[in-house]
There are 2 protein chains.
Amino acid sequence: MNLKELAASLNLSPTTVSRALNGYPEVRAETRARVLEAAEAANYRPNSRARRLAMGRSMAIGHVISLSEEAQMINPIFADFLAGAGEVYAREGYDLVLSIVPQDQEAAAYRQLAASGSVDGLMIQAPRCQEPRLPLLKELGLPFIVHGRTDTASDHPWLDIANRSAFKQATNFLLDLGHRRIALVNGLEQFDYAARRRRGYLEALEARGIAPDPAIMRGAEMTESYGYASAAEFLDSDDPPTAFLASSILPAIGIRRAAGERGLRLGRDVSVIAHDDVLSYLYNDGDGPAFTATRSPIRKAGQRCAELLIAQIGAPGGAPVQELWQVELTVGRTTGPCPAT
Amino acid sequence: MNLKELAASLNLSPTTVSRALNGYPEVRAETRARVLEAAEAANYRPNSRARRLAMGRSMAIGHVISLSEEAQMINPIFADFLAGAGEVYAREGYDLVLSIVPQDQEAAAYRQLAASGSVDGLMIQAPRCQEPRLPLLKELGLPFIVHGRTDTASDHPWLDIANRSAFKQATNFLLDLGHRRIALVNGLEQFDYAARRRRGYLEALEARGIAPDPAIMRGAEMTESYGYASAAEFLDSDDPPTAFLASSILPAIGIRRAAGERGLRLGRDVSVIAHDDVLSYLYNDGDGPAFTATRSPIRKAGQRCAELLIAQIGAPGGAPVQELWQVELTVGRTTGPCPAT
DNA sequence: AGATTGGCCCAAAGCGCTTTGGACATGGGC
DNA sequence: GCCCATGTCCAAAGCGCTTTGGGCCAATCT
């Protein structure tokens with residue numbers, strides 16, 4: 001059933017039917033009702049291919065996820081972000097077009113989406129400190145928003161959390177508990193968020209005159225086994241840390257495992273603070289693990305980014321929206337005073 | 001730059017340029033080369049909206065993920081499946097259209113994708129025992145493939161792993177180690193895979209004349225905290241199990257935490273077998289946790305499903321492909337003989 | 001009364017491709 | 001020398017919508 005047939009069955013022109021369905025005013029109320037009813041009855045849905053062509057818009061947002069040697073995996077954090085954004089897209093009538101490509105085809109994927117007009121906007125995740133996609137995005141001329149920031153001054157829309165201050169705060173919290181040897185189990189520090197967290201950690205140490213020790217600072221893909229391996233190595237060293245700062249709940253779980261194997265209890269023998277993206281399947285609350293955590297729901301970020309992007313597509317021009325979200329430190333059961341030596 | 005302009009710049013007709021670009025034979029080799037070169041130089045990419053309309057195909061596959069009360073989360077398993085499928089789509093020139101909707105809009109989402117012609121095929125994940133989407137899918141008439149099976153006899157394409165036999169095998173393995181009280185920490189048993197796993201578990205028990213105890217059998221969304229809570233409760237009961245069967249690594253991690261808190265060591269005091277979907281960020285190998293596991297990479301399943309679906313779209317008709325993958329039990333360090341009482 | 005407005009509707013022109021149905025040479029076979 | 005196959009190209013007709021630019025008539029204004 002297409003528009004022409006529907007129009008014929010109503011003895012109306014396609015023009016009128018189209019207008020009735022799309023809410024234009026120049027159609028009598030009675031006629032509109034008749035059209036809507038017939039469309040409903042026939043289960044008519046305008047052909048999106050034709051619609052997109054005629055309107056010159058795709059009603060779709062592109063997400064590109066690139067898999068590299070280092071990050072072979074689809075980051076679990078992406079998934080929750082996607083869920084948040086996806087909810088908004090569905091509500092607003094946008095499609096979500098997801099491109100999953102090898103990293104060396106990342107630029108090509110963006111070009112393809114833009115040049116072929118498959119999407120009306122792009123969602124950019126996990127920017128690096130020096131983000132090579134930025135010049136590309138300017139060139140493409142599509143609306144976009146970055147979840148996160150970059151080193152360089154930016155005049156594009158972004159949304160980020162206060163990573164530096166969160167980790168500074170977390171480090172200070174541990175310092176206040178008497179910990180002096182604090183390990184950093186960070187994400188890949190080529191990513192801006194990880195670099196900022198490291199900076200916050202270093203600033204806090206420096207403010208107390210503590211020299212950072214590279215031997216207990218690390219950055220890698222945030223998996224459980226990475227957290228485990230790092231903690232195992234640190235704890236077995238001559239000068240083990242008494243506290244850990246982890247960039248995600250996943251490595252924190254690994255740290256807990258390593259500690260457990262060594263008979264160490266979190267919050268008593270070893271303290272751990274994790275950044276908690278509030279991943280839905282790693283619920284960290286209530287009766288749960290209750291990691292002390294810097295917490296910021298990644299899913300909410302996805303929602304908000306989607307809203308901002310859609311707003312920008314709807315009304316281009318204007319100053320780029322830039323939102324910085326503060327992060328709360330919630331105290332759980334994995335931190336405690338530094339044990340006496 | 002569109003086709004007409006490109007053609008004009010080459011003193012050719014749009015017809016010829018289109019044919020040259022799309023590899024049709026009726027174009028001189030020299031002309032084709034000229035066209036390709038010019039297209040490359042101009043960074044020309046055919047407008048996908050127009051292309052889709054003209055071809056009557058969308059070159060896109062739809063995935064619908066519905067969030068319900070019980071499953072508010074985007075399942076981490078979906079993410080890896082998506083990654084696998086996405087790789088194949090990218091390689092084959094298909095877009096991945098992801099709809100994330102509240103469960104009560106699930107059917108509407110499928111209808112919308114189909115009736116508006118946004119996609120050429122549908123990927124169905126996580127079928128329930130009595131899957132309400134199946135009649136809907138038949139009605140829609142789009143090619144689709146189900147990752148998993150259903151109770152009812154089916155004449156549609158699917159790909160599944162041997163869940164029942166895997167869990168039967170795992171249960172037998174524990175029984176052979178002398179365990180008699182084995183807890184089941186399953187996924188939501190409205191889903192077919194979980195029901196089958198339960199059946200495998202029950203069959204193995206029955207074969208040894210052991211009556212299953214509902215008090216240590218459970219099914220829910222497979223989170224870490226679910227595994228933790230279940231294990232905590234079971235272990236603190238009057239008649240605690242000596243072994244656990246978990247439907248995913250995530251609850252298994254929770255079980256490990258509960259055991260650890262109680263001073264119990266996995267593989268010695270308590271045995272655990274998990275089903276391992278080989279989620280990339282929960283790597284279970286090498287130096288890692290090495291859960292004894294029934295293992296089947298969900299990502300590979302995603303790849304294969306995508307391949308099968310695309311093949312079906314390319315050549316409709318023919319008998320539906322149905323693939324059943326066997327699952328290997330890999331012995332890790334979380335299982336051991338039942339401790340003497 | 002004639003002129004003007006506004007409400008309602010329609011015909012037709014795109015949107016930028018692909019594809020059908022030729023057109024026009026050229027060359028080989030008889 | 002004629003015919004037909006072959007190679008190469010093009011004009012034009014869609015694909016199914018949206019949107020522009022009227023047309024017509026009843027209601028309102030002067």
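These numbers come from a predicted model, not from an experiment. Chain naming here is simple, since letters A, B, ... match the order of the sequence lines and numbering starts at 1 in each.
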*Terminal helix-axis angle for the helix from C:dA1-D:dT30 to C:dG29-D:dC2, with five pairs defining each axis and rounding to 10 degrees*: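 Roughly 60° between the end axes, to the nearest 10°.
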*Between A:Glu131 and A:Arg133, is there a donor-acceptor pair closer than 3.5 Å when you use the side chain of the first and the backbone of the second?*
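Checking the backbone N and O of A:Arg133 against the side chain of A:Glu131, a donor-acceptor pair under 3.5 Å is found.
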*Under 3.5 Å, side chain of A:Ser48 to main-chain N/O of B:Ser116, donor-acceptor pair present?*
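At least one qualifying donor-acceptor pair exists.
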*Nucleotide C:dT18, atom P - distance to OH of B:Tyr24 in whole Å*: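 In whole Å, C:dT18 P lies 8 Å from B:Tyr24 OH.
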_Rounding to an integer number of Å, can you tell me how far B:Arg57 CZ sits from C:dT19 P?_
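So the two atoms are 10 Å apart, to the nearest Å.
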_Below 30° counts as parallel, above 60° as perpendicular, anything between as tilted: where do the rings of A:Tyr89 and A:His63 land?_
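Perpendicular.
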_If you define the side chain from C-beta out and look only at heavy atoms, does anything of B:Val27 sit under 4.5 Å from B:Val35?_
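No, side chains not in contact.
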[atom1] ([X]) with more than 12 external heavy atoms under 6.0 Å:
X: A:Glu139; atom1: CD; answer: yes
X: A:Glu5; atom1: CD; answer: yes
X: A:Lys138; atom1: NZ; answer: yes

*Tell me, for nucleotides 7-17 of chain D in 5' to 3' order, what letter each nucleotide earns: B for a base near a protein heavy atom under 4.0 Å, S for only sugar-phosphate near one, - for neither?*
-BBBBB-BBBB
*Could you give me the CA-CA distance, side-chain angles and deciding distance for A:Glu307 and A:Arg304, then say whether salt bridge (charged side-chain N to carboxylate O under 4.0 Å, His left out) is met?*
CA-CA 5 Å; A:Glu307 287 168 4; A:Arg304 184 69 183 143; 3.2 Å; yes
